[in-house]
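Positions are given from 1, in the same order as the sequence printed here. As the structure is a prediction and not an experimental result, all values here were calculated from the model.
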Amino acid sequence: MALNAAEEETLESLKKWWEDNGRNLIVAVVLLLGGYTGWLLWQNSQAESAATASDLYEEILTLSLEDPGTILGEEESNRVIAIAEQLRSEFESSIYARFAALFAAQQQVEQGRLADAESSLQWILDNPDQGLFNEVDEGLLLTTSLRLGRVILAQGDAERALTFINGIDPKSFEGGFAELRGDIYVAMDRVVDARDAYIAAQQAGSQSDGLRMKLDSLPDQG
């Protein structure tokens with residue numbers, strides 16, 4: 001079928017456009033498809049990594065919570081610490097690595113390795129961001145800070161423990177921080193301050209038997 005002048009002009013325009021832009025179009029399509037494929041591969045990799053990290057953390061939970069209140073044996077305790085170190089090394093940005101570090105610190109305290117426990121807890125505070133969007137779990141950080149304050153106190157450094165917790169806004173953890181402040185004051189023989197701190201803990205909602213016993217055990221000030 002013969003083409004009229006308008007059709008021939010259109011074809012010539014398309015041919016010229018293709019000669020000028022066709023290569024760039026192909027490159028753009030290839031890059032787009034390649035980028036999409038890369039994104040899918042990255043997504044799959046992230047999913048696999050998350051699944052592996054989750055499995056490791058689940059093992060920690062199984063070891064630590066199988067018989068609540070019971071101190072783990074040496075082998076199980078060391079396994080918890082080893083898994084936590086693996087998560088920190090291989091899945092540093094995951095929330096699992098941070099919670100695992102809490103469990104590791106607990107076992108290190110049980111083993112009397114207070115400096116190692118401090119290091120595990122400090123790592124969480126030094127690396128608060130997690131995940132693709134760098135979320136920060138405020139509750140995790142406050143829990144970690146509270147435990148770190150106790151570990152510092154257990155090492156006999158009451159002054160440093162007090163300085164540390166006084167620099168933290170406890171928010172909803174006011175009761176726990178006030179009680180810890182009372183413990184620190186007891187270690188410093190500041191009985192009046194300790195009583196005030198324990199009462200503040202009660203007023204903040206802490207009503208445990210342990211707190212009442214601490215308050216009752218303080219000597220009277222005549």
Side-chain angles (χ1 to χ4, degrees), residues 52-92 94-128 130 137 139-158 160-162 164-165 168 170 172-173 175-188 194 197-198 201-202 205-218:
T52 301
S54 176
D55 289 343
L56 288 169
Y57 182 66
E58 186 174 349
E59 184 177 350
I60 286 181
L61 293 180
T62 300
L63 289 167
S64 302
L65 304 179
E66 184 174 5
D67 193 2
T70 300
I71 297 176
L72 296 183
E74 182 178 359
E75 182 177 349
E76 291 81 6
S77 180
N78 288 334
R79 178 59 181 159
V80 168
I81 295 170
I83 295 173
E85 291 174 349
Q86 181 180 355
L87 282 166
R88 187 191 308 187
S89 173
E90 299 177 11
F91 307 97
E92 182 180 7
S94 73
I95 186 62
Y96 301 112
R98 284 146 184 78
F99 279 110
L102 281 179
F103 280 99
Q106 179 185 32
Q107 294 308 314
Q108 287 160 339
V109 168
E110 294 289 351
Q111 294 179 7
R113 297 163 52 187
L114 297 180
D116 290 336
E118 179 177 347
S119 178
S120 293
L121 296 169
Q122 189 63 55
W123 177 81
I124 300 172
L125 299 181
D126 290 342
N127 298 273
Q130 66 207 6
D137 188 326
L140 171 61
L141 297 184
L142 288 172
T143 297
T144 300
S145 297
L146 193 56
R147 294 189 182 186
L148 180 54
R150 291 173 181 153
V151 167
I152 295 172
L153 178 60
Q155 293 179 83
D157 201 341
R160 184 161 69 95
L162 183 61
F164 172 71
I165 68 167
I168 297 170
S172 60
F173 285 62
F177 278 93
E179 183 175 350
L180 174 56
R181 190 174 288 108
D183 295 343
I184 294 170
Y185 286 137
V186 168
M188 300 170 71
Y198 287 148
Q202 289 183 326
S206 296
Q207 300 295 331
S208 69
D209 292 337
L211 176 58
R212 283 193 293 272
M213 290 176 62
K214 291 177 183 178
L215 190 54
D216 292 341
S217 66
L218 292 176

Within a strict 4.5 Å, meaning less than it, do heavy atoms of the [X] and [Y] side chains meet?
{"X": "Arg88", "Y": "Asn127", "answer": "no"}
{"X": "Leu125", "Y": "Leu121", "answer": "no"}
{"X": "Met188", "Y": "Leu162", "answer": "yes"}
{"X": "Asp55", "Y": "Glu59", "answer": "no"}
{"X": "Leu140", "Y": "Leu102", "answer": "yes"}
{"X": "Leu56", "Y": "Tyr96", "answer": "no"}
{"X": "Val186", "Y": "Leu218", "answer": "yes"}

So does [Y] get a backbone contact from the side chain of [X], meaning a donor-acceptor N/O pair under 3.5 Å?
{"X": "Arg98", "Y": "Glu92", "value": "yes"}
{"X": "Ser119", "Y": "Ala115", "value": "no"}
{"X": "Ser64", "Y": "Ile60", "value": "yes"}

Taking all heavy atoms of [X] and all of [Y], pick out the closest pair and write down the distance.
{"X": "Pro170", "Y": "Leu142", "answer": "O-CD1, 3.6 Å"}
{"X": "Ile152", "Y": "Ala161", "answer": "CG2-N, 3.6 Å"}
{"X": "Ile124", "Y": "Leu141", "answer": "O-CD2, 4.1 Å"}
{"X": "Ser206", "Y": "Gly176", "answer": "OG-N, 4.1 Å"}
{"X": "Ala201", "Y": "Gly175", "answer": "CB-O, 3.5 Å"}
{"X": "Phe164", "Y": "Gly149", "answer": "CE2-N, 3.9 Å"}

- Using the six-membered ring wherever Trp is involved, compare the ring planes of Phe99 and Tyr57 and label them parallel, tilted or perpendicular (cut-offs 30° and 60°). tilted
- Item | Test side-chain hydrogen bond (donor to acceptor under 3.5 Å, both in side chains) applied to Asp209 - qualifying residues, sequence neighbours left out | Arg212
- With a cut-off of 6.0 Å (strictly less than), are more than 12 heavy atoms of other residues, nucleotides or ligands near CD of Glu58?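 12 or below, so no.
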- For Glu74, look at atom CD and say whether over 12 heavy atoms of other residues, nucleotides or ligands are found less than 6.0 Å away.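 It does not: Glu74 CD has 12 such atoms or fewer within range.
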- Please assess Ser77 against Gln111 for the test side-chain hydrogen bond (donor to acceptor under 3.5 Å, both in side chains), listing each intermediate value before the final yes or no. CA-CA 8 Å; Ser77 180; Gln111 294 179 7; 2.7 Å; yes
Euclidean distance, [Y] [atom2] relative to [X] [atom1], rounded to 0.5 Å:
{"X": "Phe177", "Y": "Ile168", "atom1": "CZ", "atom2": "CD1", "result": "4.5 Å"}
{"X": "Leu87", "Y": "Ser54", "atom1": "CG", "atom2": "OG", "result": "10.0 Å"}
{"X": "Ile184", "Y": "Arg150", "atom1": "CD1", "atom2": "CZ", "result": "10.5 Å"}
{"X": "Leu61", "Y": "Phe103", "atom1": "CG", "atom2": "CZ", "result": "5.0 Å"}
{"X": "Arg147", "Y": "Thr143", "atom1": "CZ", "atom2": "OG1", "result": "6.5 Å"}
{"X": "Ile81", "Y": "Gln86", "atom1": "CD1", "atom2": "CD", "result": "14.5 Å"}

- Report the C-alpha distance between Glu110 and Leu72 in whole Å, list the side-chain angles of each, state the deciding distance to 0.1 Å, and finish with yes or no for side chain to side chain contact (heavy atoms under 4.5 Å, CB included). CA-CA 9 Å; Glu110 294 289 351; Leu72 296 183; over 6 Å; no
